[in-house]
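Chain letters run A, B, ... following the sequence lines, proteins first and then strands; every chain starts at 1.
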Amino acid sequence: MTTMLKLENVGKSFTLHVQGGVELPVFESLDLTVEAGECVALAGPSGIGKSTLIRMIHANYTCPQGRILVHHDGAWVDMASAHPHRVLDVRRRTMGYVSQFLRVVPRVPTIDVVAEPLRAVGMDADQALVEAGNMLTRLNVPERLWSLSPVTFSGGEQQRVNIARGFVHPYPILLLDEPTASLDAANKRIVLSLILEARERGSAVIGIFHDREARETVATRVLDTAELGQRAA
Amino acid sequence: MLGSEQPILSVDNVSHDYGRQRGCAGVSFDLYPGEVMGVVGESGSGKTTLLNVLAGHLTPSTGSVRYRGRSGGEVDIHRMGEPERRLLMRTDWAFVHQNPRDGLRMNVSAGANVGERLMAIGRRHYGNIRGQAVEWLERVEVEHGRIDDLPVTFSGGMQQRLQIARNLVTGPRLVFMDEPTGGLDVSVQARLLDLIRGLVTDLGLSAVIVTHDLAVVRLLAHRLMVMKDGYVVENGLTDQVLDDPQHPYSQLLVSSILQT
Amino acid sequence: MSPQSESGSAFDSAYNFAFLDEQTKRMIRRAILKAVAIPGYQVPFASREMPMPYGWGTGGIQVTASIIGPDDVLKVIDQGSDDTTNAISIRKFFVRTTGVETTESTADASLIQTRHRIPEKDLRADQILVFQVPIPEPLRFLEPRETETRRMHALEDYGLMHVKLYEDIAHHGHIATTYAYPVKVAGRYVMDPSPTPKFDNPKMDRMAALQLFGAGREKRIYAVPPHTEVKSLDFDDYPFELPEWQDVCAFCGAEDTFLDEVILDDRGKRMFVCSDTDHCSERRAAGHAGPALFDGEAAD
């Protein structure tokens, strides 16, 4: 088995300078290894730092302590200390991230939002649009909406666009922050099958799934983050 | 384009003083092809001074700015000859001013504004120059029927789009922008930002964008530098700096945004 | 016509020869030498107050005064004509301050001062043509900053010049500039032949005579040495073209000269005549005749 992700002695706390320098510890000395084909579910009550950890792996949050090593281009990249240029390359080719909220530029059509990750790795425009269309079709986003900006879509539609964008390129590592949160049963099943397919082709998945059924369907392992939080407190 | 290893612009310990007044101090960074660097900070933080040093308009008191050309060779832009620098400025580089009046010739038509850089690099076929002007006006969403009108008859947003067309017509690789959306209505800003974003992506441009508007860098910039009193106080991925700012000043800046 | 002395008025010895003091003449000659050495480059010089207002040719007069010698034969033309107020005044000025011989004949002159026109007859290597220039800077109307235009000349940054021609075509369908039409001299400096009509631009190209340009108010001297290439700027698909007239000269019937329109009455009656009066008289003396002479009307 190939190790895709290694967290070594990772710790995090927030210092709020605007509020008199209050320090909020989240966790410390966290170790985690994720192999290709694994799906690790982060469990524990909300506010415990699950999203924080996902964001740290994505380098959206800084990592002040420890190392977050990502298997990228046959070598290890430490997301905690890598040059932004390198981090962007990891995000482009190796690590996908599906958040709970879609953040898009006004006026950009849905089909282009979904095709963008493919364009970023160098796929030609026509093929990228075909693949984006296939993914949207699979997620039941009707074709009449493709030319519109997702800004005006319902919460569920936006979330499906978000998932399509996250799964359109076969990232070796996938970070999922409640990907099924606002979906109906039918669409939830589609998303879960996408996750299973990703695992089968060897992606390492780390996710937050509040939904028990979802967690039991896709996760190979559950990590209880409550313990981590207690360690820091 | 993206992900290539050699920087297009290497900034090493750049400072600029106005006599005893500090402009910017000790700024270093590498910009890679296809990357957009945002520079934020309040008025007087030195961000515009930095931009002018990077673009060769000001000479740094210390440090160097090196540019890697199409052939792969590096040049120190403050040590090269003025003719070479000017050639670079009208071929490989572009500078978009905050006030379009500073970047446009207000007394000649929109078409001539777009065509000037082409003529400056020796194009001598009127029909082709005009054809390219039409193409670029459409690209920046200015109706091509306005090609022979003076920019004074344009709205602020149109003038800014015209300035962008005028700059991009020669296919530059590196674009400097000074508050490109400053002074425009919010609705016009959104359209312009979207346009700039599209052009930057489609053309694979590298860019340095100075602004005090965090929404602008969130949308356009891959990386972000926060400046205060001439110094870079924080520097990193745009979303990292905005979502998890470390420096007290960055936190203040981010927490000062009105939520809508 | 033969050389003639203007009404016998002699050199007024109260003046230094050619009005200017010798130091000033040397200073201007140095500027002229520099201008000849750098064809088309505008050399600054310390322009003097002259006993006439700016706009009357003070630049050309200072150049002429600095190079004229007692043996020269001077011709002065304004709009091609030897007998306009400006031409007569300048000619009288030099007769009084130098006593040189003057002429209306292009062939007989060794020194020709002109405003607007270049004589139709080819000039020779032993002649010098001095132009009176109002605005020497071709980039002025597009870039008002003198510091910037000088830098643009230095760096051969001439895209702006074509912007002007572009605007002409965009607005008029052709290059509508008919005078002060910009030229490139010896493949380097862009020069304004102001206010010479573009009809005369081809005459400047590889002319055998030395061409000197003086701008008094703007304090600039520039030059085109003999046999120097002077190329009118244009576009590949809109090449430089000479203006054409439907008419011929009413007096001499010439079809290839620069014609002036003369209004004859207030009912729209008009005729076209050669602007170069000397050329026209020579042709008539040689037996050529235009339509006005056939009608017996408007003949002199």
- Task: Kindly say whether B:Ser109 contributes a backbone atom to a donor-acceptor pair with the side chain of C:Glu167 at under 3.5 angstrom?
- Result: yes
Practice prompt. Spell out, as yes or no, whether a donor-acceptor pair under 3.5 Å connects the side chain of C:Asp237 to the backbone of B:Gly127.
Written response: yes
Heavy-atom proximity to chain C below 4.5 Å, by part of [X]:
X	answer
B:Arg117	neither
B:Ile129	side chain
B:Ile147	side chain

The interface call for C:Leu165 against chain B, heavy-atom contacts under 4.5 Å, is neither
Honestly, the part of C:His162 sitting under 4.5 Å from a heavy atom of chain B is both
Residue pair B:Arg86, C:Arg151: steps toward the side-chain contact (heavy atoms from CB on, under 4.5 Å) verdict
CA-CA 11 Å; B:Arg86 284 208 172 200; C:Arg151 189 171 287 137; 3.0 Å; yes
One should read off an interatomic distance between C:Tyr166 OH and B:Arg130 CZ, to the nearest 0.5 angstrom, of 4.0 Å
The reported gap from CZ in B:Arg124 to CG in C:Leu233 (rounded to nearest 0.5 angstrom) is 7.5 Å
Heavy-atom closest pair (B:Arg105 atom, C:Leu142 atom, distance to 0.1 Å) is NH1-O, 3.5 Å
Answer yes or no: is there a side-chain heavy-atom contact under 4.5 Å between C:Phe235 and B:Met119? yes
Sequence neighbours excluded, the answer for ring-ring contact (aromatic ring centres under 6.0 Å, His included) partners of C:His153 is C:Tyr158
Highest number of heavy-atom pairs under 4.5 Å with chain C among B:Gly122, B:Gly115, B:Gly111 belongs to B:Gly111
(request) Quick one: sort the B:Tyr126 and C:Tyr238 rings into parallel, tilted or perpendicular, breaks at 30° and 60°. (result) perpendicular
(Q) Test side-chain contact (heavy atoms from CB on, under 4.5 Å) on B:Arg90 and C:Asp157; report intermediate values, then the result. (A) CA-CA 10 Å; B:Arg90 62 195 180 213; C:Asp157 193 352; 2.5 Å; yes
